[in-house]
Each structure stands twice: as structure tokens, then as C-alpha cells.
**Q** 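Pasting in a structure now, in C-alpha cells, and then I'll have a few things to ask.
Every chain is numbered from 1, with letters handed out A, B, ... down the list of sequences.
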Amino acid sequence: MRLTRFAEFLEKLEKTSSRIEITKILTNLLNESDQSEIDKVVYLSLGMLAPNYQGTILNLAEKMMLRTLAYAYQKDLTEVTSLYKKEGDVGLVAQELGERLKVKDKNLTVTDVYEKLLAIAEDGGGGSQERKVGKMAKLIGEIDPLSARFITRIPVGKLRLGFSEKTVIAALAAQDPKLEKEIEAAYNIRPDIGYIAGLVKENKLDTVEPEIGVPVAPMLAQRLNSTSEMVKKMGEVSVEPKFDGLRIFIHYRRKDNLIKIFTRNMNSIDIDTFPELKEVGKFIHADEAILDSEAIGVDPKREMFLDFQKTIQRRRKHDIGKTASEIPLQFQIFDLIYINGKSLINEPYLKRREILEKTVQNGGLLRIDENVITDNPDVIKDLHQKYLKMGLEGVVVKRANGTYVSGRTGWNWVKMKEVEGTRGKLSDTIDCVVMG
DNA sequence: CCTGATGCGTC
DNA sequence: GTCGGAC
DNA sequence: GTCCGACGACGCATCAGG
């Protein structure tokens with residue numbers, strides 16, 4: 001697909017606010033994209049180059065883009081900056097300057113542009129800022145002003161077209177509700193929207209299975225402050241403590257001792273960041289497993305939980321040994337998504353927990369969240385108070401028979417916290433005994 | 001080496 | 001993480 | 001209710017330049 005054609009679609013999408021309309025336009029765009037580049041069309045339309053878990057980052061944002069524009073259009077940085085202050089958007093600045101200079105497009109395709117952006121992302125090390133700016137400026141010099149409007153917004157993360165993955169899925173389904181469910185299910189276990197778009201085109205959706213090393217889209221909790229409403233919406237529930245740490249998915253395969261770690265946003269974390277997980281296989285009684293957990297720092301004597309700011313210091317690349325001994329981590333495990341080649345996504349929660357309890361050795365590095373099963377709002381309220389008193393964030397309440405549904409849709413997981421804005425105001429450590 | 005600017009990612 | 005707008 | 005985008009606090013990583 002020609003970039004100019006692509007830009008026409010983006011312009012139409014930008015002008016449209018109704019999501020039904022957006023979905024229709026996207027369906028047309030996807031229909032016009034062939035198998036070889038539908039993934040790139042999808043990535044670029046969402047302002048991305050690859051799924052998060054591949055860690056492809058441009059490292060070129062607002063300030064460097066302004067430098068890029070100055071260089072590309074041979075203007076002073078001060079002039080570009082003042083234009084930007086006026087317009088508030090790098091895309092409009094690029095388009096305006098491009099129109100003034102009557103920049104002609106060089107017939108680039110979406111694939112061409114994608115590959116040039118990827119090259120910028122892959123550059124790094126000494127002198128890379130200048131090279132990134134140079135490559136980006138060269139690209140801008142080869143595309144028409146309307147395309148420049150959108151392409152320049154991609155690195156700064158401000159495409160602002162009013163749709164995201166969910167809408168792309170709806171567009172791929174093209175009004176077929178059954179297909180939409182299938183695409184969504186596939187996306188949730190292979191959260192690579194470009195890849196999924198390709199599969200839809202090829203009619204190969206049914207080949208998607210959970211995989212060790214590929215993150216599953218995380219299940220999230222709605223917020224609700226009434227325990228009676230919880231019971232009304234969910235019936236029998238499992239009530240668990242809510243820890244103030246980092247959401248961490250642990251993937252383990254015994255055969256080759258493969259250990260992969262992912263965050264809530266499906267970003268990959270280097271195993272050296274959490275060296276204690278190098279031995280995780282000792283505590284998992286399975287050949288393969290995907291665990292869902294909250295990582296939380298504890299004081300070296302393992303008597304107290306640390307607050308969030310202290311815990312997050314463990315997400316660093318340098319001085320790991322020192323930090324790791326000062327801030328030991330423990331992993332509060334609360335779900336098992338996959339075991340020994342079998343997906344548990346469609347199993348009810350209590351069933352997953354039952355298998356989890358047999359699979360994970362509880363205590364030490366991995367600790368299974370304690371839980372109370374109830375349908376009594378007062379019991380939930382009491383537990384909430386209990387956990388708050390212990391210095392925890394509150395409770396997570398889960399529908400006893402709920403499946404693992406990615407995202408925040410529906411009423412399967414609900415959280416209840418205390419007040420807003422208390423984060424960061426806590427003392428260094430929280431005075432309570434570590435449980436598990 | 002150190003410092004500041006910039007970019008990124010967590011909640 | 002929260003909030004508010006558009007649907 | 002759902003989806004999207006704007007926003008904030010905080011702290012680390014990376015690079016440029018002295």
C-alpha cells in the first residue's frame with residue numbers, strides 16, 4: 001500500500017469520532033492491505049512497531065522530533081519550537097512546513113516507512129541521537145506533508161486517532177460477532193495485533209495457543225467500593241489481599257530452564273533484574289507453567305513489606321546484587337494460566353487455584369495469596385479492614401467461577417482500596433508481619 | 001568520571 | 001494509577 | 001458499561017558534553 005493512500009485513511013479516521021464509523025473505515029483499510037503488509041499497516045495505524053513484549057523502542061520523542069523537523073525543513077530550532085508551541089502538535093508543524101516547502105512524496109510504501117522507523121528504533125549507543133534524528137529527517141524529506149503529519153506523531157506517541165487494539169479487532173471481525181469473539185480470544189493469548197491481523201487474513205486463527213515466552217494479556221480488576229454490590233454482581237467470591245507491588249507474570253519451562261518475566265503491560269523484564277527467579281523451577285512442580293503474581297519487596301529479615309517506591313527500585317539494571325540484598329523480593333502468586341501444555345484460561349477461578357496450590361511450593365520465594373471464599377458482604381468488609389490495618393492496599397475480590405478474562409471487561413475481578421492519593425506518602429516500611 | 005536533558009515505564 | 005469525554 | 005486519551009508522581013536508563 002502506498003503511504004499516501006495510508007495517510008488518506010488516517011486523515012479520515014482522525015476526523016471521525018463515532019467508533020462505529022471508525023470501525024468501518026478501519027475495515028476498509030484492512031481489506032485494502034494485502035497479507036504481506038497488513039501487520040505493518042496495523043502497527044503503524046496504532047503508532048507502534050511491534051508488540052510490547054518485543055521491546056522495540058524508538059527512543060526519539062518530542063524534543064528530538066523538533067530537532068528532526070528543524071533539520072528536515074532547514075529551519076532554526078527556535079522557529080520550529082515556537083511553531084510547536086503554537087500548534088501543540090508535531091504532526092501539524094511537519095505538515096505545515098512540508099506544505100510551505102512543497103515536499104513531494106517519493107512513492108514510498110507503508111512497508112518502506114515501517115522498515116525505516118524500525119532501523120531508527122534499532123540504532124543505539126554513542127552518536128545514536130544524531131543518527132536517529134538524521135534518519136528521521138531523511139524519511140520526512142521523502143514523504144508528502146499529509147503523511148508527515150501522521151508519521152511524525154508516531155515516535156512522540158501522539159497519533160491520537162481515537163482507536164486502539166479493541167477497535168482494530170472489531171474492524172477485523174467486520175460486523176461478525178462470533179468472529180470478533182474468536183479474534184479477541186486469540187489476541188488475548190497472543191497480544192500481537194499485527195500478527196493476529198495476518199492470521200485473520202489467512203483464516204488461521206485457530207492455530208493460536210498460549211505459549212511459554214509469549215505473554216497473555218492480563219486480567220484487570222474493576223474498582224468498586226460497595227461489598228454488597230460485589231456480591232450482587234458476582235455471587236460467591238474469593239477475597240484476597242491486594243499488595244502494592246509490581247504485577248509480574250512468570251513463564252517457566254523445565255526442559256531448557258527457560259524463564260521469562262513480563263509486566264502488566266506485557267513488557268519483557270530481563271531475568272538478571274530478578275535474579276532470585278533463576279531458581280524458580282525448584283518451587284514449581286510442573287514442566288511448564290505461567291504464573292500471575294504481584295512482586296513485592298520485603299525487608300531483609302522478611303518481617304515487613306516495603307512500600308511501592310522501595311519495591312520498584314528493584315526494577316533496575318545496575319547494582320542489582322546490592323539492591324537485591326537490600327530489597328529482597330517475594331512473589332505473591334494468585335493465578336495459574338497455563339500448565340504442561342494446557343491452557344487454564346477457560347477454567348473457573350477456584351479450579352485454577354486448586355491446580356495452583358498443587359503446582360507451586362508455598363513459602364519463601366513464591367507465596368500463594370491467602371483467600372476466603374464467601375458470599376457475605378460483611379465478611380468482605382472485615383477482610384478489607386484487616387488488610388488495610390496490615391498496611392496493604394485493600395482487597396481483590398474475584399468471582400469464584402470466573403474464567404481468566406483479559407482486560408477490565410465484566411465483573412470477574414474487583415478491587416477495593418482506601419482513599420485516593422495516598423501512594424508515596426507512606427513510610428519506608430510497612431509495619432506488619434509478612435504472610436504467606 | 002560527573003551532570004543535565006531526554007526518554008521511558010511503573011503505579 | 002485516576003479522571004472525564006464520547007458513544 | 002466500554003473504550004480511549006489526557007493527566008500525575010516517581011525513579012531509572014541512556015546519551016551528550018564537559
Side-chain angles (χ1 to χ4, degrees), chain A residues 13-14 16-23 26 45-48 52-53 55-68 77 88-89 120-121 123-133 153 155-171 180 184 218 220-225 229 233 242-248 261-270 272-274 294-297 306-320 323 327 393-394 405-412 414-415 417-426 428:
Chain A
L13 286 163
E14 186 183 31
T16 311
S17 65
S18 150
R19 203 158 60 243
I20 291 170
E21 260 325 291
I22 288 177
T23 307
L26 273 174
S45 74
L46 290 169
M48 59 197 295
N52 273 353
Y53 59 88
T56 308
I57 302 300
L58 275 153
N59 274 312
L60 185 164
E62 184 179 298
K63 304 287 184 184
M64 284 171 71
M65 184 56 74
L66 294 180
R67 272 165 63 197
T68 301
L77 182 56
D89 169 36
I120 293 171
D123 202 346
S128 61
Q129 292 189 355
E130 276 314 302
R131 290 194 300 277
K132 281 170 190 276
V133 166
R153 284 177 183 166
V156 298
K158 294 272 168 68
L159 211 37
R160 291 189 282 206
L161 298 179
F163 65 91
S164 188
E165 279 91 338
K166 293 274 189 189
T167 311
V168 172
I169 288 171
E180 185 168 346
E184 203 174 344
L220 305 171
Q222 299 260 29
R223 195 167 180 166
L224 199 56
N225 286 323
E229 222 174 304
K233 284 183 190 296
K242 184 173 194 317
F243 295 89
D244 194 7
L246 301 169
R247 182 82 175 270
I248 293 293
I261 314 160
F262 299 100
T263 66
R264 171 212 148 107
N265 294 323
M266 297 175 278
N267 286 313
S268 174
I269 295 189
D270 194 309
D272 288 325
T273 311
F274 298 151
E294 189 86 2
I296 179 151
L306 304 184
D307 75 19
F308 175 76
Q309 291 304 338
K310 209 73 192 160
T311 296
I312 204 181
Q313 286 181 17
R314 282 298 309 277
R315 206 197 162 173
R316 58 194 289 176
K317 298 189 178 181
H318 303 311
D319 272 333
I320 291 169
T323 325
I327 312 171
E393 256 204 321
V405 186
S406 298
R408 203 170 264 124
T409 305
W411 296 95
N412 283 296
V414 160
K415 61 185 166 183
K417 305 206 254 182
E418 194 168 35
V419 260
E420 293 312 321
T422 51
R423 173 178 298 283
K425 289 179 188 163
L426 298 170
D428 252 13

**Q** Identify which nucleotide among dG7(B), dC15(D), dG1(D) has an atom closest to any side-chain atom of Lys63(A), counting heavy atoms from C-beta outward.
**A**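 The closest nucleotide is dG7(B).
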**Q** Inspect the contact between Glu294(A) and Lys242(A) and indicate whether a charged nitrogen and a carboxylate oxygen are less than 4.0 angstrom apart.
**A**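 Between Glu294(A) and Lys242(A) there is no salt bridge, as every charged N stays at least 4.0 Å from the carboxylate O atoms.
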**Q** Looking across every strand, which nucleic acid part, if any, lies under 4.0 Å from Lys132(A) by heavy atom: base, sugar-phosphate, or nothing?
**A**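 Since no nucleic acid heavy atom lies under 4.0 Å of Lys132(A), the category is nothing.
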**Q** Mind checking side chain to side chain donor-acceptor pair (under 3.5 Å) for Lys233(A) and listing every partner two or more places apart, or none if nothing turns up?
**A** none
**Q** Find which nucleotide of DNA chain D each of Gly126(A) and Ser164(A) is nearest to by heavy atoms, and output the residue with the more 5' nucleotide.
**A**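 Looking at DNA chain D, the more 5' nearest nucleotide goes with Ser164(A).
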**Q** Calculate the interatomic distance between Leu161(A) atom CG and dC4(D) atom C1'; express it in whole Å.
**A** 12 Å
**Q** Compare the minimum distances between each of dC11(B), dA6(C), dG7(B) and the side chain of Arg247(A), then state the nucleotide with the smallest one.
**A**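 Of dC11(B), dA6(C), dG7(B), dC11(B) is nearest to the side chain of Arg247(A).
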**Q** OP1 or OP2 of dC3(D) versus the side-chain N and O atoms of Thr167(A): is any pair under 4.0 Å?
**A**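 The answer is no; no side-chain N or O of Thr167(A) sits under 4.0 Å from OP1 or OP2.
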**Q** Once you apply a heavy-atom cut-off of 4.0 Å, does Ile22(A) come out as touching a base, just sugar-phosphate, or nothing?
**A** nothing
**Q** Between Phe308(A) and Leu246(A), is there a side-chain heavy-atom distance shorter than 4.5 Å?
**A** yes
**Q** Tell me which nucleotide among dG11(D), dG7(B), dC11(B) gets nearest to the side chain of Gln309(A).
**A** dG11(D)
**Q** Is the closest side-chain heavy-atom distance between Ser45(A) and Phe163(A) below 4.5 Å?
**A** yes
**Q** Between dC15(D), dT6(B), dA13(D), which nucleotide gets closest to the side-chain atoms of His318(A)?
**A** dA13(D)
**Q** Of the listed nucleotides (dC3(D), dG1(D), dA13(D)), which one gets closest to any side-chain atom of Arg19(A)?
**A** dC3(D)
**Q** What is the distance from CD1 of Ile57(A) to P of dG9(B), rounded to the nearest Å?
**A**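 It is 4 Å, rounded to the nearest whole Å.
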**Q** Could you please name the option among dG1(D), dG7(B), dC15(D) that lies closest to any side-chain atom of Ala61(A)?
**A** dG7(B)
**Q** Can you measure Ile327(A) atom CD1 to dT10(B) atom C1' for me and round it to whole angstrom units?
**A** 15 Å
**Q** Counting any heavy atom closer than 4.0 Å, what does Leu60(A) reach on the DNA or RNA strands: base, sugar-phosphate only, or nothing?
**A**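 If one applies the 4.0 Å heavy-atom cut-off, Leu60(A) turns out to touch the sugar-phosphate alone, with no base involved.
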**Q** Within the pair Asn267(A) and dT10(B), is there a side-chain N or O less than 4.0 Å away from OP1 or OP2?
**A**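 Yes, within the criterion.
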**Q** Looking at side-chain heavy atoms only, is the closest gap between Val414(A) and Glu229(A) below 4.5 Å?
**A**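 Heavy-atom side-chain distance check fails, nothing below 4.5 Å.
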**Q** For Asp307(A) and dA9(D), give me the distance from atom CG to atom P, rounded to whole Å.
**A** 17 Å
**Q** Measure the distance from CD1 on Ile20(A) to P on dT2(D) and round it to the nearest whole Å.
**A**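 So the two atoms are 16 Å apart, to the nearest Å.
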**Q** Using the closest heavy atom to pick a nucleotide of DNA chain D for each, name whichever of Arg315(A) or Glu184(A) lands nearer the 5' end.
**A** Glu184(A)
**Q** Using atom CD1 of Ile312(A) as one end and atom P of dA13(D) as the other, report the distance to the nearest whole Å.
**A** 11 Å
**Q** Once you round it to whole Å, what is the distance between P of dT10(B) and CD1 of Ile248(A)?
**A**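 Atom-to-atom, Ile248(A) to dT10(B), this comes out as 9 Å.
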**Q** Answer yes or no: does a side-chain N or O of Lys158(A) lie under 4.0 Å from OP1 or OP2 of dG5(D)?
**A** no
**Q** Taking atom CG as the centre, does Leu77(A) end up with more than 12 heavy-atom neighbours from other residues, nucleotides or ligands that are less than 6.0 angstrom away?
**A** yes
**Q** Hey, does the side chain of Thr409(A) come within less than 4.0 Å of dC3(D)'s phosphate (OP1/OP2), counting only N and O?
**A**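 Yes, because at least one side-chain N or O of Thr409(A) sits under 4.0 Å from OP1 or OP2 of dC3(D).
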**Q** Looking at residues at least two apart in the chain, or sitting in another chain, which of them share a salt bridge (Lys or Arg N to Asp or Glu O under 4.0 Å) with Arg408(A)?
**A**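 Checked Arg408(A) against salt bridge (Lys or Arg N to Asp or Glu O under 4.0 Å); zero matches.
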**Q** In whole Å, I'd like the distance from the CD atom of Glu418(A) to the P atom of dT2(C).
**A**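 For the pair Glu418(A) CD and dT2(C) P, the rounded distance is 14 Å.
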**Q** Report which part of the nucleic acid Gln222(A) touches: base, sugar-phosphate, or nothing (heavy-atom distance under 4.0 Å, all strands).
**A**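 Sugar-phosphate, no base atom in range.
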**Q** By nearest atom, which of the nucleotides dA6(D), dG7(B), dC10(D) is closest to the Glu62(A) side chain?
**A** dG7(B)
**Q** With the side chain of Lys166(A) defined as its heavy atoms from C-beta on, choose the nearest nucleotide among dA6(D), dC8(B), dC4(D).
**A** dC4(D)
**Q** With the side chain of Arg160(A) defined as its heavy atoms from C-beta on, choose the nearest nucleotide among dA6(D), dC11(B), dG9(B).
**A** dA6(D)
**Q** dT6(B) phosphate, OP1 or OP2: any side-chain N/O from Asn59(A) under 4.0 angstrom?
**A**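 For Asn59(A), the contact criterion (side-chain N or O under 4.0 Å from OP1 or OP2 of dT6(B)) is not met.
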**Q** Are any of Lys415(A)'s side-chain N or O atoms less than 4.0 Å away from OP1 or OP2 of dT2(C)?
**A**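 Indeed, a polar side-chain atom of Lys415(A) lies that close.
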